[in-house]
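Have a look at the structure below before the remarks.
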Amino acid sequence: MDPYSLRFTHNLLLFLYLIALLSTCVASQSFANPAWAPLAVRSPYLSCWNNASSPLSAVPSFWNQAGATLGWTGMIRVDGVAYQWMGGNTLGFRNPTVLGLEITPTRTIYRFQAGSTMQINVTYLTPIETEDMVKQSIPFSYFYLDAVSADGQPHEVQAYVDITGEWVSGDRGANISWTTTTTGISTFHEISLSEPAQYQEVADQAQDATVYLATLSGTGSSAVPAVNYLVPSRMDFNNSGVVTNANLGNSGPMNGSSTNPWPVFSVSADLGRIVQTPQDQPLVWAIGVVRNPSISYTTATGAVQDRAPYFLVKYPNIESVIDAFLGDFSNSTNRAIALDAQILADAAKISPTYSTLVSTAVRQTIAGIEVTVSKGSDGQWNTSDVKMFMKDVGTSGRVNPVEILYASFPFFLYINPAYAALLLEPLLEYQSSPQYTQPYAATDLGTSYPKAHGNNGAHSQGIEQSANMLIMVLAHALVSGDGTLISRYYTTLRTWTSYLIPTISNPGQQFTADPQLVTNSPNLLLKGIIGVQAMAKIGSLLVRDDDTSAFTNYSQSLMQMWKSSAISSDGTHILETYGGNQSSWSLPYNLYADKLLQTNLVDNALYSAETSFLNKLSNVTTSSATPFGVPVDPSNTQGNAAWTLMTAAIVTDPGVRDDLVRPVQQQIASKIAGFPYSRVYYVDSGDVVSGRASPALGAFFAPLALSLPFKSVTIPPTPPAASTASTTKKSIVGPAVGGVLGGLALLILAAAFWWYWRRRNSPGDRGHSDATVSAIFKASRSNAGAVEATDLHTIHFHQNNEYK
Ligand SMILES: *[C@@H]1O[C@H](CO)[C@@H](O)[C@H](O)[C@H]1NC(C)=O
Ligand SMILES: *[C@@H]1O[C@H](CO)[C@@H](O)[C@H](O)[C@H]1NC(C)=O
Ligand SMILES: *[C@@H]1O[C@H](CO)[C@@H](O)[C@H](O)[C@H]1NC(C)=O
Ligand SMILES: *[C@@H]1O[C@H](CO)[C@@H](O)[C@H](O)[C@H]1NC(C)=O
Ligand SMILES: *[C@@H]1O[C@H](CO)[C@@H](O)[C@H](O)[C@H]1NC(C)=O
Ligand SMILES: *[C@@H]1O[C@H](CO)[C@@H](O)[C@H](O)[C@H]1NC(C)=O
Ligand SMILES: *[C@@H]1O[C@H](CO)[C@@H](O)[C@H](O)[C@H]1NC(C)=O
Ligand SMILES: *[C@@H]1O[C@H](CO)[C@@H](O)[C@H](O)[C@H]1NC(C)=O
Ligand SMILES: *[C@@H]1O[C@H](CO)[C@@H](O)[C@H](O)[C@H]1NC(C)=O
Ligand SMILES: *[C@@H]1O[C@H](CO)[C@@H](O)[C@H](O)[C@H]1NC(C)=O
C-alpha cells in the first residue's frame, strides 16, 4: 500500500470517528502553562529553552533538542547553604521550592523559595526593541535575580552562574578556546570554537559563533570570574561561595577529559549580609551568541557580500556593546514591561482566551531574524543598506522562507512595519536582478541559512509564493504608509501578477508551500486572486490607472470563476478540491488576506457560512479524538498553528474564534509533544511534525493585525525604474483587456498564456529567449543610464506579445 492510500485510510477512519462524536459536547479546557519556557531566545543561534515544569532538574537545551543540552546553571547560597535554581542538579545540591512561573511576551519569571530564609525571583528577559534597530540587533539576553529575606532577617548571600562550551557548537567533541576580560564596567567570558567554520552549522548551531557570559564588574561586592571543570566549580561554590580558578589554559576539548569532564565558565558574586537586593538593582547577567559576519549575501550585481550585525554601526567592538547592554538594563527592563503591557492589553481586547496565547509567540518569532548592515565602497558601515534575514527555524533552515515570512507577517506589521519591509527587501532586490529568471516569486533566498545566495529554481508554488509576496508588500504599504517598496519594485510585482492571472485559470499542478496532498486547492487559488487584487490596489496607489482597472477586472472575473467551483453547492464552505467532492473542506486561512488588505473580494455571506461550518468542525475536533484542533483539510491529520490563527482571525463569531484558538494553546501546554511552540503537529496526539520554535507563530498576531489602521501611502519622489513606464503600454494587460471581459475572454487569454509559458519553458526556446533577454537587458541598461532594476519578466511579456 503506498503512503497516500495508507494516509487516506487512516483519515477515513478518523473522519468516521469524528462523525460518531459529532453530538458530543466538549467542555472547554483552561490554559495551563506552556510545557517549555523560553530562557534566552533572541536569534536563530541564541535559542535556549527549558522544560517549564522542571526548571531545577532539567538542563536547558537548544530549540532542536537533538540531545543538544546547553549547560547553564544558577545557584544561590544563603548563610552557607547552597540552592541550585537551574541546570540539572546532578551533584545533589538543595533545590529551592518553585512558587510560580509567569511567561510574558518578553520575560520568563520564576519565583522560588530557598529554604525558610530567602525568596528569589529569577527573570529571563529577551528584549524586543521595536523602535531601535541597533538595540534589536544585539544578540544578548538578560537574566537576573531579585532576592528578599523570607523571615525579615538579614542573611549572607552569594550567587553563582556558569555555562559550558555547548553554546558554541553542535559538535560536542570539538575543541574550544576562551578568554576572560574585565573592563571598567563589565566582566565577561568569551568562548569560541578553536577552529570555527564560517557560515557552517552542526545540528542547527553555528560553527562561527562566539559566546559571552557577562556581568557588571561592580555588582554586589564584585563579580569573580572563574574557569574550572564542572564538578569542582560547583562544589567550590557550594562549599565556600567562591570558585577557584583552575589553571586550564585557554583552550581544550569542550567536554573536558574523562576524569574531569566539561570546563565551565562561571561568575560568582558575594552580596554580603542583606535583607533584600536593592530595588531596580537585581543581580544581572547577560548571555550572548555573536557572529560576525552574520550573512553571506549575493547582491543585485551578483557579487557576494559579507554582512555584519547591525549593532556594529554604533559599537565598534564587543567590550563596548557588552558595556552598553549591561548599562542599559534598567531602561531595557522598563521598555520590556511597557511592551508586555501593551501587547497583553491589545490582546485582551480580543478575548481572554486569545490573550494567554500571544505571549508564547513573540520571542521565537523575532528570534527568527537577524538585522545586518554592509560596508560601503568607502569602507564605512553603510547605514542606508540595512537588511533583515529570517531563518526557517525548526523546518528547513531556508533563508527568508516566503510562506513562513507570510505567516509571521501579522507580528511584524503589529510590532513595527519597517521591520517587515527590511525582511521583504532582500527578496525583492534579488528577484528584480538579472540573476532571477522565473516568472513567479521565489520560495526563498537560499536553502541554507546564513547563505543568502538566491534561489532561482523552478517550483510549483508559483501561485502561493507570488501571492504571498504581493499581499505582504501591499500590507506593508497600507500599514506603514511607506510606498517605497511598491514603487521601487512595481515592475517585478506586476510581472508576478501577470503570471498569476493565467495560472489561476489554468493552474496545472500548483501546490501550497505545505506538504498538502491536493493540488490547486480552492484555498490556494483564492490567495492568488487576492494577490491580483492586491496588485490592482498597488496600481491605484501609484496612480497607474490602466493597471488598476485591468487587474481589478481580472480579479473580479477570476472570483466569479472561483465561486462556481470552490464553494460547496449548498454554499456552506470552501471545498478541499476545486469542483470536487462536496463533503470535503479546507481550513480557509487564505480568507485572512482578504480581510487584512480589505480587498472585499469575498462576500460576507461566505464568512458567515464558514463560521458556522468551522463551528461544527471545531466542536468535533476539540473532542478527545483530536484535541489539538482542526487539520488543514480532511486529507490531513496535521494541524498548522499559524493557519489556524489566521482562520480564527476571520470568523464572524467570537465563540468560534476562541474554539479555534484553544486547541493551539492545548498543544503549547502539552507535556506529550517533543517540543511545543511548533508550527505543524498531529491534531490527534499533539506531536510535532515540523516547525519547532518557528517564526511562523508570528501568525498568532493575526487578529491584532486586522485592527491596525491604514495610513495614507507616500510614494517617494524617485521615479521607479525607467523601463517600467515604457513597458506598461506594451504589456499583456493593456491590449488584452481592451474589450468587455467575460468568462470566455478570460479563458481564451488563459489559454494564450498557457501556450506561451509552455513554449517559453521548452528547452529549445529557452536558450534563445535568455540570450535575447540579456541583450535587451544590456541595451536598456545602457540607454536608460540610471536604470536601477530593469525587469526581465516584463521583457518576456514583450516577447510574448511579439510571438502573438
Ligand atoms: C518536563 O518535566 C516533567 C517533570 O519532570 C516531565 O514529566 C515531562 O515529561 C517533561 N516534559 C518534556 C517535554 O520533556
Ligand atoms: C517576585 O515576584 C512577585 C510577583 O511579581 C513579587 O510579589 C515579589 O515581590 C517578587 N520578589 C522579589 C524578591 O522580587
Ligand atoms: C568528548 O567527545 C569526544 C568526541 O566526541 C569523545 O570521544 C569523548 O569520549 C568525549 N569525552 C567525554 C569526557 O565525554
Ligand atoms: C583538539 O585538540 C587536540 C590538541 O591540539 C588535538 O589533538 C585534537 O585532535 C583536537 N580535537 C579535535 C576534535 O579537533
Ligand atoms: C554542600 O555544602 C554543604 C555544607 O557546606 C555540605 O554539607 C554538602 O555536602 C555539600 N553538597 C554537596 C553535594 O557536596
Ligand atoms: C535611561 O533612560 C533615561 C530617561 O529616559 C535616560 O536619561 C538615560 O540616559 C537612559 N540610560 C541609558 C543607559 O540609556
Ligand atoms: C550604500 O547602500 C546604498 C543602498 O544599497 C547604495 O546605493 C550606496 O551606494 C551605498 N553607499 C556606499 C558608500 O557604498
Ligand atoms: C473593466 O471592465 C469594465 C466593464 O466591465 C470596462 O468598462 C473596462 O474598460 C474594463 N477595463 C479594462 C482596463 O479592461
Ligand atoms: C469526500 O470527502 C470526504 C471528506 O474528506 C471523504 O470522507 C469522502 O470519502 C470523499 N468522497 C469521495 C467520493 O472521495
Ligand atoms: C458547539 O458546542 C457548544 C458548546 O460547547 C454548543 O453551545 C454549540 O451549540 C455547538 N455547536 C454546534 C454547531 O454543534
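Start at 1 and go down the list; that is how both ligands and their atoms are numbered.
Polar contact check, S54 against ligand 1: a nitrogen or oxygen pair lies under 3.5 Å apart. Of the polar atoms of N121, at least one N or O is found under 3.5 Å from an N or O of ligand 2, judged by distance alone. Below 3.5 Å of separation, one finds an N or O of N51 facing an N or O of ligand 1.
Two rings, from F112 and Y110, have their centers less than 6.0 Å apart. Close placement of the Y677 and W49 rings is indicated, their centers lying within 6.0 Å of each other. Note: Y124 and Y144 fail the aromatic proximity criterion, with ring centroids not under 6.0 Å apart.
Contact between A35 and ligand 1 is absent, with no heavy atom of the residue lying under 4.0 Å from the ligand.
Interface atoms of ligand 1 facing S53, defined by a heavy-atom separation under 4.0 Å, are 1 (C), 2 (O), 3 (C). Applying the 4.0 Å criterion to heavy atoms of V148 picks out, from ligand 2, the atoms 13 (C).
S47 places no side-chain N or O within 3.5 Å of a backbone atom of P44 that could act as its donor or acceptor partner. Between the R363 side chain and the L125 main chain, no donor and acceptor come within less than 3.5 Å of each other.
Pairs of residues two or more places apart, or lying in two chains, that qualify as side-chain hydrogen bond (donor to acceptor under 3.5 Å, both in side chains) and include a residue from residues 70-83 are T73-R234, R77-Q158, D79-H155.
Among protein residues, L91, F93, M235, N238, N239 come within 4.0 Å of ligand 5, judged on heavy atoms.
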Open item on the list: Does S54 form a side chain to side chain donor-acceptor pair (under 3.5 Å) with N51? I'd like the steps, not just the answer.
Closed with: CA-CA 6 Å; S54 44; N51 183 330; 3.3 Å; yes
